[in-house]
Colleague: 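Quick one: structure below, then a few questions.
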Amino acid sequence: DTGVSQNPRHKITKRGQNVTFRCDPISEHNRLYWYRQTLGQGPEFLTYFQNEAQLEKSRLLSDRFSAERPKGSFSTLEIQRTEQGDSAMYLCASSPPGRSYNEQFFGPGTRLTVL
Amino acid sequence: GQQLNQSPQSMFIQEGEDVSMNCTSSSIFNTWLWYKQDPGEGPVLLIALYKAGELTSNGRLTAQFGITRKDSFLNISASIPSDVGIYFCAGGGTSNTGKLIFGQGTTLQVKP
């Protein structure tokens with residue numbers, strides 16, 4: 001069973017550019033989460049999908065951020081008009097249905113650097 | 001908003017020593033989880049706790065869900081060099097979304 005995968009692992013971009021990250025969850029996991037982690041901090045929740053429905057978004061997710069999970073499988077996170085404050089590790093996690101839905105399995109993350 | 005406080009922030013111990021770290025919250029959680037993160041990687045789930053008072057082990061790791069539901073601790077026995085990393089507690093289960101609230105982490109260094 002393969003784990004959660006994320007691409008790219010690293011992204012360097014110039015301020016003002018758009019970037020898109022992809023997450024492939026563990027197969028049969030119906031829940032998918034995006035978190036952001038800055039240096040020295042724990043991950044912070046951004047948004048959550050159950051199947052293809054986006055059911056919760058954090059206040060951290062400004063209008064420049066959009067996430068999709070079109071077929072209930074992989075998900076994309078797009079940041080438009082990037083700012084230097086967007087530099088962070090973006091983590092994706094998935095969890096199975098049922099009682100264990102809090103047991104979230106994380107991918108390796110995408111490290112974003114905005115110059 | 002909900003916040004988790006982890007202590008200590010960092011630990012530097014000798015190989016073979018036992019380690020204890022804890023996590024406290026101003027809010028109640030229905031689930032407590034402990035993760036370990038290596039540099040440049042995502043967090044890896046170590047232990048999940050679902051019931052107040054529950055004590056769960058995973059190899060040399062033991063974690064407990066506090067009876068007030070506002071705290072949890074993690075013990076590592078007989079530490080080894082590969083235990084080095086950042087340990088995060090996370091609270092969840094307060095909504096159906098599964099959103100987790102993380103602590104700031106405890107950095108563990110082990111001297112061989």
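A quick note: this is a predicted structure, and the numbers were derived from the prediction, not measured. Convention: sequence-line order gives letters A, B, ...; per-chain numbering from 1.
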Colleague: Can you establish whether the number of heavy atoms outside L115(A) located under 6.0 Å from its atom CG is more than 12?
Modeller: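 It does: L115(A) CG has more than 12 such atoms within range.
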
Colleague: Go through it in stages, so that I can follow the logic: the residues are L100(B) and F45(A), the test is side chain to side chain contact (heavy atoms under 4.5 Å, CB included), and I'd like the CA-CA distance, side-chain angles, deciding distance and then a yes or no.
Modeller: CA-CA 7 Å; L100(B) 297 179; F45(A) 171 81; over 6 Å; no

Colleague: Counting backbone as well as side chains, what donor-acceptor pairs lie under 3.5 Å between chain B and chain A?
Modeller:
| from | atom 1 | to | atom 2 | distance (Å) |
| --- | --- | --- | --- | --- |
| T31(B) | OG1 | N102(A) | ND2 | 3.2 |
| Y35(B) | OH | Q104(A) | N | 3.4 |
| Y35(B) | OH | Q104(A) | O | 2.7 |
| Q37(B) | OE1 | Q37(A) | NE2 | 2.9 |
| Q37(B) | NE2 | Q37(A) | OE1 | 2.9 |
| G40(B) | O | R9(A) | NH2 | 3.0 |
| Y50(B) | OH | E103(A) | OE2 | 2.5 |
| N96(B) | O | R31(A) | NH1 | 2.7 |
| T97(B) | O | R31(A) | NH1 | 3.4 |
| T97(B) | O | Y33(A) | OH | 2.9 |
| T97(B) | OG1 | E56(A) | OE1 | 3.0 |
| G98(B) | O | Q104(A) | NE2 | 2.4 |
| L100(B) | N | Y35(A) | OH | 3.2 |

Colleague: Are L4(B) and M11(B) linked, directly or through other ILVMFWY residues, by side chains that come within less than 4.5 angstrom of each other?
Modeller: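 The answer is yes; both residues are in one hydrophobic cluster.
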
Colleague: What are the two closest non-hydrogen atoms of F88(B) and G42(A), and how far apart are they?
Modeller: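 Closest heavy-atom pair between F88(B) and G42(A): CE2-CA, 3.3 Å.
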
Colleague: Group every Ile, Leu, Val, Met, Phe, Trp and Tyr by side-chain heavy-atom contacts under 4.5 Å, then state whether L46(A) and L55(A) land in the same group.
Modeller: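 No, separate clusters.
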
Colleague: For residues F21(A) and V114(A): do they belong to one hydrophobic cluster (side chain heavy atoms under 4.5 Å, members Ile, Leu, Val, Met, Phe, Trp, Tyr)?
Modeller: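 Shared cluster, yes.
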
Colleague: In the structure I gave you, are the side-chain heavy atoms of V44(B) and F106(A) within less than 4.5 Å of one another anywhere?
Modeller: no

Colleague: In this structure, are over 12 heavy atoms from other groups packed under 6.0 Å from I67(B) atom CD1?
Modeller: no

Colleague: Of the backbone (N, CA, C, O) and the side chain (C-beta and beyond), which part of L33(B) lies under 4.5 Å from a heavy atom of chain A, both, or neither?
Modeller: side chain

Colleague: Would you say I86(B) and M89(A) are hydrophobically clustered, going by side-chain heavy atoms of ILVMFWY under 4.5 Å?
Modeller: yes

Colleague: For I80(B), does the CD1 atom have more than 12 heavy-atom neighbours from other residues, nucleotides or ligands under 6.0 Å away?
Modeller: yes

Colleague: Would you say L108(B) ends up clustered with L61(B) if hydrophobic residues are merged whenever their side chains have heavy atoms under 4.5 Å apart, either directly or through other cluster members?
Modeller: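 Yes.
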
